[in-house]
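Data first, discussion second: the structure below is written as structure tokens.
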Amino acid sequence: MRPTDDLKSRVQNDWTAATDHPFTRALADGSLAPEKMAGYLQQDYLFLDGFVRLLASVIAHAPTLEDAVPAAQFLALITGPENTYFLRSFDALGVRADAPAASEARAFQDLMAEARHSGRYECMLAVLVVAEWSYLEWATPFAGRVDDLPFWLGEWITLHTGDAFADVVAYLRGQLDQVWPGLSAAERAHAEDLFIRAVSLERAFFDAAEAGFDVAR
Ligand SMILES: Cc1ncc(CN)c(N)n1
């Protein structure tokens, strides 16, 4: 079994809860209240800050230029079209971009900083694999629904579906699978711990979004 499949199988409960969640089902069928999407996006914009730094660290730690290029191209997408999606959505929803962090966003920021500061490529990848693979899984079944949705819902699905995004997930998983056999037991345990905590935080983030984050105006 691929190491990344094995890691996922160890947290199947949280994984399923995070990738088949009432929040994303409501997002995809258009019944999600704009206020709830606004609160989610404000908190996710704080997530994005730590994510960009973590992805930049993966680029810095990739073993070769060839290994780094797909991450660098993905970083351009995140800081380009995804960043402007957030800003256009805040504008359309009438909310500010700089909300105070809720505990779920802070916990994710802390985890990403921990992975980055570990200086370990596999630890950085473990968190990125969870973040992107789980989003590909929840969004893919809804790829055909985007045309009927307001852009702040539909484009969020589009950003996390399609061949190019599936290639990003395949690349991140491939990098982690590739380095895994060369790791010691302690190094594997460290990366696995980050993977498990990241899945749990993905679930908690959607639970909190469904309950409704406070919205800053
Ligand atoms: C919390 C979270 N996890 C993952 C993603 C996917 N980029 C995201 N936007 N936000």
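Counting convention: from 1, in listed order, for ligands and their atoms alike. Treat the numbers as computed from the prediction; the structure is a model and nothing was measured.
- At distances below 3.5 Å, not a single donor-acceptor pair connects side-chain atoms of Gln43 with backbone N or O atoms of Tyr40.
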Give one line per pair: atom of ligand 1, protein atom, distance. Only N/O to N/O under 3.5 Å.
{"residue": "ligand 1", "atom": "3 (N)", "partner": "Glu202", "partner atom": "OE1", "Å": "3.0"}
{"residue": "ligand 1", "atom": "3 (N)", "partner": "Glu202", "partner atom": "OE2", "Å": "2.7"}
{"residue": "ligand 1", "atom": "7 (N)", "partner": "Glu132", "partner atom": "OE2", "Å": "2.9"}
{"residue": "ligand 1", "atom": "9 (N)", "partner": "Asp44", "partner atom": "OD2", "Å": "2.7"}
{"residue": "ligand 1", "atom": "10 (N)", "partner": "Asp44", "partner atom": "OD1", "Å": "2.6"}
{"residue": "ligand 1", "atom": "10 (N)", "partner": "Asp44", "partner atom": "OD2", "Å": "3.3"}
{"residue": "ligand 1", "atom": "10 (N)", "partner": "Tyr135", "partner atom": "OH", "Å": "3.3"}

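- With a 4.5 Å cut-off on side-chain heavy atoms, Trp180 and Leu7 count as touching.
- By the ring pair (Phe, Tyr, Trp, His ring centres under 6.0 Å) test, Phe142 is found to be paired with no residue, residues two or more places apart in sequence or in another chain being considered.
- Checked against side chain to side chain contact (heavy atoms under 4.5 Å, CB included), Val146 has the following partners two or more places apart in sequence or in another chain: Ile157, Thr158.
- For Asp20, the side-chain hydrogen bond (donor to acceptor under 3.5 Å, both in side chains) criterion is met by Arg25, not counting sequence neighbours.
- Between the side chain of His190 and the backbone N or O of Ala186, no donor-acceptor pair lies under 3.5 Å.
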